[in-house]
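For the numbers below, each heavy atom of this structure counts, side chains included, while hydrogens, waters and symmetry mates do not. One-based numbering along the sequence shown. It should be emphasised that the depicted structure is a prediction, and the values quoted were computed from it without experimental measurement.
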Amino acid sequence: MTLITSDAVAWANQEFPAYSVTVGRSDIQRFAMAIGERDPIHLDIAAAQAAGYADVVAPPYFPYVLRMQAGTLGPKAALAPDGSPARDVPPLETTRAMAGETSIEFGTRVVAGDTITVAKRIVDLYEKEGRSGALVFLVTEFEFTNQRGELVMRETFTRIFR
């Protein structure tokens with residue numbers, strides 16, 4: 001018996017709406033401080049401008065917070081029973097999920113004032129037999145572009161359900 005139902009396939013084949021976020025200077029500064037990044041280009045506008053940027057520049061993995069911020073979750077009624085965004089989880093008869101592989105391609109840097117658009121698409125949905133039973137692999141790609149259409153980051157993330 002397969003865990004990937006026609007409902008799961010239909011979910012994977014849907015078009016996910018992109019959304020945009022305008023990045024503020026304090027967003028970048030707080031992220032840099034939180035991860036221990038003390039390079040002045042992330043914290044001080046004068047240092048960033050001296051380095052050739054219009055404003056403070058985000059550390060490379062900053063776009064990840066744009067897809068994980070609370071504002072993208074939606075109302076409580078739209079959440080799955082485990083509290084995750086229902087639109088983020090396929091309808092599968094599984095009880096557990098875990099992170100699998102992640103790969104990142106970096107593009108141009110994010111600078112305060114940029115508007116970043118996050119687009120999501122399902123790359124693959126497949127099943128394998130594991131030691132403890134059937135496993136479902138969901139491969140998702142997130143593409144982050146700025147207001148000029150330049151690639152900021154592309155993340156390919158695999159989630160494993162059992």
Go through the structure and list residues passing ring-ring contact (aromatic ring centres under 6.0 Å, His included) with Phe106, not counting sequence neighbours.
none
Contacts of Phe31 that satisfy ring-ring contact (aromatic ring centres under 6.0 Å, His included) - sequence neighbours left out
Phe62
I'd like to know if the side chain of Arg159 pairs up with that of Thr140 as donor and acceptor (distance under 3.5 Å, no hydrogens or angles considered).
no
Can you see whether Thr117 engages Ser20 through a side-chain donor-acceptor pair at a distance of less than 3.5 angstrom?
yes
If you measure from the Lys or Arg side-chain nitrogens to the Asp or Glu carboxylate oxygens, is any gap between Glu143 and Arg121 under 4.0 Å?
no
All pairs passing ring-ring contact (aromatic ring centres under 6.0 Å, His included) where residues 110-134 contributes a residue, at least two apart:
Tyr126-Phe137
Check whether any side-chain N or O of Gln147 sits under 3.5 Å from a backbone N or O of Thr115 as a donor-acceptor pair, and report yes or no.
yes
Tell me who clusters with Leu43, hydrophobic residues only, linked when side chains sit under 4.5 Å apart either directly or through other members.
Met33
Side chain to side chain contact (heavy atoms under 4.5 Å, CB included) partners for Ala10, two or more places apart
none
Return the set of residues passing side-chain hydrogen bond (donor to acceptor under 3.5 Å, both in side chains) with Arg96 (not counting sequence neighbours), or none when no residue passes.
none
Using the six-membered ring wherever Trp is involved, compare the ring planes of Tyr64 and Tyr61 and label them parallel, tilted or perpendicular (cut-offs 30° and 60°).
parallel
Glu101 atom CD: more than 12 heavy-atom contacts under 6.0 Å
no
